[in-house]
Q: 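Structure below; questions to follow.
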Amino acid sequence: MPYLWEIPMGTRPGMLVPAQIYALEEMIDAILNDNSIEQLIHVSMLPGIMKAAMVMPDVHQGYGFPIGGIAAMRWPDGVISPGGIGYDINCGVRLLRSQLHEKQISAQLEELSVELYKEVPSGIGKGGQLTLDREQLTQVLKKGALWAVENGYGDRKDLQNIESGGVLDFADPQYVSEHAFQRGFAQLGTIGAGNHFVEVDRVEEIYDEETARVFQLQKGQIVILIHTGSRGLGHQVATDYIRIMQTAMSRYGLKSPDRELACVPFDSKEGQEYYKAMCAAANFAWCNREVITWEIRKAWNKVFGENGGKLDLLYDVAHNIAKIEEHHIDSKIQKVIVHRKGATRAFGPGNKEIPAHFLQTGQPVLIPGSMGTNSYVLAGTRGSEDLTFGSCCHGAGRRLSRTAAKKQVEAVQLKKKLQDQGIHIQSGSFRGLAEEAPIAYKDVDLVVETVQQAGIAKKVAKLRPLAVIKG
DNA sequence: ATGTCC
């Protein structure tokens, strides 16, 4: 079955590389239904882009650049574009592995959801359990997840199971605006709203026994999935630098086909300042997911006490970020600025950037489904390094806009329907529920099937939701 | 995604 479609370079004036769409044929109609392929063609025109502009099967329209998009620019003179990273800098996913089986928690599942909802603050604009002062937030921006560990809100063992160790050293808080600081002081340890969640899952199916053994996953086991990012702080960094680049780009002789797709050369003053601020926001997000993990462990211990065992971190991935990486291009190793917007790094066996204990299997790749549908644990492959700059999909991918979803979905009925399927929903907003209804998303099973067939990731386990905590 | 418009 075909899974890769290419729009040749000459199709439109200004294209510097071909545009590639990874999707099974039955997904194509939905993909052509919004503006995402037009946006992909715009990306193929960005100065310094290498090989191809790519989208994953979960692609949908985003701000300037499609969500589910990947673009690698020549280092150091190719462009960096905040639209290619997204407003939620280092939005990402982490998976905590419990030592309990579903039958050991089923009687207390509702109690657990309530405790998780109490312990992990959620909702738009909501503050958290900690309020940082300026010096503390500056340290969070520099140190990422390590700050949580050093201050009693994390576990040192977690650090080796976070992409990039949970910190980007290029971060420099002096390029994060006062406004962004103000939005960040009270938001550490909060999940936010939209599609962000904490989810209790059961391991439903194992596809690859050997990899599952290394990942320490088995059928029936309870795991917890966390999906959130850098909250208002990262959003403000993106807003600030999109505005700066919109006026700066003409000074570098750059013209964009879309005002939303602002960019500047990576090695320019504005490019360097944005990158340092982006790394700081990414560090905030990794610290945020570490503090949320601490909150979840508190709730877990409260409910299960001594019988609860430990919640270990399998892995933490970023899916809205730019990374400086080396890749094989035109049969030589070249340094590139890889933009992943709604795309997950999926490095394969033997890659030196992943933890040693995953060297034989490839890194864990975490793919959340929509609310009430399955999620997946995949493993990265060498195929992704050959084809997609070591990247794959990030989730189900929106099919309907938030507005369209609200028109079609009645939240009270939706909640009841999910309850009937055995899924507890703990949410502060009915409107948010309607926007995140499964009908608003593509079929995650098809998304995962595509990346598996394309050889850019392989299936390890399927997860089924039992309880969802969201804003 | 987001104090969903300074």
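Order of the sequence lines fixes the chain letters, A, B, ..., with proteins taken first and strands second; residue numbering starts at 1 for each chain.
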Q: Only counting residues at least two apart or in another chain, list the ones meeting side-chain hydrogen bond (donor to acceptor under 3.5 Å, both in side chains) with A:S81.
A: none

Q: Just jot down the side-chain hydrogen bond (donor to acceptor under 3.5 Å, both in side chains) partners of A:D133, sequence neighbours excluded, or say none.
A: none

Q: So what does A:H179 touch, heavy atoms closer than 4.0 Å: a base, only the sugar-phosphate, or nothing?
A: base

Q: Using the side-chain hydrogen bond (donor to acceptor under 3.5 Å, both in side chains) criterion, which residues pair with A:D316? Sequence neighbours excluded.
A: A:R94, A:W286, A:R289

Q: Using a 4.0 Å heavy-atom cut-off across all strands, classify A:R231 as base, sugar-phosphate, or nothing.
A: sugar-phosphate

Q: Does A:R398 reach a base, just sugar-phosphate, or nothing at all? Heavy atoms under 4.0 Å.
A: nothing

Q: Can you measure A:I89 atom CD1 to B:dT2 atom C1' for me and round it to whole angstrom units?
A: 12 Å

Q: Heavy atom of residues 117-131 of chain A under 4.0 Å from DNA chain B: which residues?
A: A:I124, A:G125

Q: Can you find a pair of side-chain heavy atoms, one from A:P368 and one from A:F197, that are under 4.5 Å apart?
A: yes

Q: Between atom CG in A:N288 and atom P in B:dT2, what is the gap in whole Å?
A: 10 Å

Q: Taking distance alone, no hydrogens or angles, what donor-acceptor pairs closer than 3.5 Å link side-chain atoms of residues 437-449 of chain A to residues at least two apart or in another chain?
A:
from   : atom 1 : to     : atom 2 : distance (Å)
A:Y441 : OH     : A:R398 : NH2    : 3.4
A:Y441 : OH     : A:E436 : OE1    : 2.6
A:K442 : NZ     : A:V59  : O      : 3.0
A:D443 : OD1    : A:D445 : N      : 2.9
A:D445 : OD1    : A:Y376 : OH     : 2.6

Q: Do A:R251 and A:E270 come within less than 4.5 Å of each other through their side chains, counting heavy atoms only?
A: yes

Q: Write down the distance between CZ (A:R431) and P (B:dT4), rounded to a whole number of angstrom.
A: 10 Å

Q: Report which part of the nucleic acid A:A193 touches: base, sugar-phosphate, or nothing (heavy-atom distance under 4.0 Å, all strands).
A: sugar-phosphate

Q: A:Y241 OH to B:dT2 C1': how many Å, rounded?
A: 19 Å

Q: Starting at atom CG of A:L233, determine the distance to atom C1' of B:dT2, rounded to an integer number of angstrom.
A: 12 Å

Q: Identify whether any heavy atom of A:Q187 sits under 4.0 Å from a base atom; if not, whether one sits that close to sugar-phosphate; answer base, sugar-phosphate or nothing.
A: sugar-phosphate

Q: Whole angstrom is fine here: how far is it from NZ in A:K406 over to C1' in B:dT4?
A: 8 Å

Q: Return the value, rounded to whole Å, for the distance between atom CZ of A:R243 and atom C1' of B:dT2.
A: 13 Å

Q: Taking only residues two or more places apart in sequence or in another chain, which ones pass side-chain hydrogen bond (donor to acceptor under 3.5 Å, both in side chains) with A:E38?
A: A:R12, A:H42

Q: In whole angstrom, give the distance that lies between atom OH of A:Y87 and atom P of B:dC5.
A: 11 Å

